[in-house]
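Here the structure is laid out as structure tokens; the discussion comes afterwards.
Quick caveat: nothing in here was measured; it's all calculated off a predicted structure.
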Amino acid sequence: MIYILRGAVRTGKTTALLEWCKNRDDVDGLLCPDNAQGKRYFLEVKSKNEFELETELETESIIEIGNFKFLKSAFEKANTYLLAVASKNESQYLIIDELGKLELKGEGLYLSAERLIPNYETNENKHLILVVRDYLLEAVLTHYSIEKYRILTKVNLETLN
């Protein structure tokens, strides 16, 4: 089953997921919170390992979108992690935070999303939670050919068992 946590930019979608999964052992995947300096990083849900995503570096190994500069190597590591965790098949829930403009251009977390979405769409026992900005919802559904899904909000996130 695919769940889509949708909401506007900077409305606490990631924070809500952090809170929801903090006392659970059946959730894995990647969250993308901000650090104390306001820079985004990747957080492996189950292990709590963190790795840098947003950077100030001027190098050819970055992806720029808007005012943000992201390390290409972070996305490579993130995609590898998501695919590895999914292949182990140990967690009931897998989170991908988030699918946005980069993924719609075939960058960012596109690789893992494209491979994982079809595997979860018809699976009633394993659940993929995708974080999507509300204004990109239709584009993401079309891009990944998602037909079976349920919408989550921060309010109804707690209804997931």
May I ask whether [X] and [Y] are part of the same hydrophobic cluster, defined by side-chain heavy atoms of I, L, V, M, F, W, Y residues being less than 4.5 angstrom apart, directly or through others?
X      : Y     : answer
Ile62  : Phe68 : no
Phe51  : Leu94 : yes
Leu109 : Leu53 : yes
Ile4   : Val9  : yes

Arg24: which residues meet the side chain to side chain contact (heavy atoms under 4.5 Å, CB included) condition with it, sequence neighbours left out?
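Result, side chain to side chain contact (heavy atoms under 4.5 Å, CB included) vs Arg24: Trp20, Asp26, Val27, Tyr93.
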
How many angstroms lie between atom [atom1] of [X] and atom [atom2] of [Y], to the nearest 0.5 angstrom?
X      : Y      : atom1 : atom2 : value
Asn123 : Gln92  : CG    : CD    : 10.0 Å
Leu57  : Leu71  : CG    : CG    : 6.5 Å
Glu158 : Thr153 : CD    : OG1   : 10.5 Å
Leu104 : Leu102 : CG    : CG    : 9.0 Å

Can you list every salt bridge (Lys or Arg N to Asp or Glu O under 4.0 Å) pair that touches residues 101-111, not counting sequence neighbours?
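Matches after skipping sequence neighbours: Lys105-Glu107.
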
Search all heavy atoms of [X] against all heavy atoms of [Y] and return the closest pair with its distance.
X      : Y      : value
Leu116 : Ala86  : CD2-CB, 3.3 Å
Phe70  : Glu54  : CD2-CA, 3.9 Å
Ala113 : Pro118 : O-CD, 4.3 Å

Sequence neighbours left out, what pairs pass side-chain hydrogen bond (donor to acceptor under 3.5 Å, both in side chains) with at least one residue falling in residues 69-88?
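Qualifying pairs: Asp28-Tyr81, Glu58-Lys69, Asn79-Ser112.
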
With sequence neighbours left out, write down each residue that passes side-chain hydrogen bond (donor to acceptor under 3.5 Å, both in side chains) with [X], or none if nothing qualifies.
X      : answer
Thr14  : Asp97
Glu114 : Tyr110
Asn119 : none
Glu19  : Lys22

For residues 127-152, dump all side-chain donor-acceptor pairs below 3.5 Å to protein atoms at least two apart in sequence or in another chain.
| residue | atom | partner | partner atom | Å |
| --- | --- | --- | --- | --- |
| Arg133 | NE | Glu98 | OE2 | 3.0 |
| Thr142 | OG1 | Glu138 | O | 3.0 |
| Arg150 | NH1 | Tyr3 | OH | 3.3 |

Does any non-hydrogen side-chain atom of [Y] lie less than 4.5 Å from one of [X]?
X      : Y      : result
Leu99  : Ile117 : yes
Leu157 : Lys154 : no
Met1   : Tyr120 : no

Return yes if some donor-acceptor pair links the side-chain N/O of Asn156 with the main-chain N/O of Thr159 below 3.5 Å, else return no.
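Between the backbone of Thr159 and the side chain of Asn156 there is no qualifying donor-acceptor contact (under 3.5 Å).
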
Quick one: side chains of residues 29-47, donor-acceptor pairs under 3.5 Å with protein atoms, not counting sequence neighbours, listed by atom name and distance.
| residue | atom | partner | partner atom | Å |
| --- | --- | --- | --- | --- |
| Asp34 | OD2 | Arg10 | NH1 | 2.7 |
| Asp34 | OD2 | Arg10 | NH2 | 3.3 |
| Asn35 | OD1 | Gln37 | N | 2.8 |
| Asn35 | OD1 | Gly38 | N | 3.1 |
| Asn35 | OD1 | Lys39 | N | 2.9 |
| Asn35 | ND2 | Gln37 | OE1 | 3.4 |
| Lys39 | NZ | Glu56 | OE2 | 2.3 |
| Glu44 | OE1 | Ser47 | OG | 2.8 |
| Glu44 | OE1 | Asn49 | ND2 | 3.2 |
| Lys46 | NZ | Asp25 | O | 3.0 |
| Lys46 | NZ | Ser91 | OG | 3.2 |
| Ser47 | OG | Asn49 | N | 3.2 |
| Ser47 | OG | Asn49 | ND2 | 3.2 |

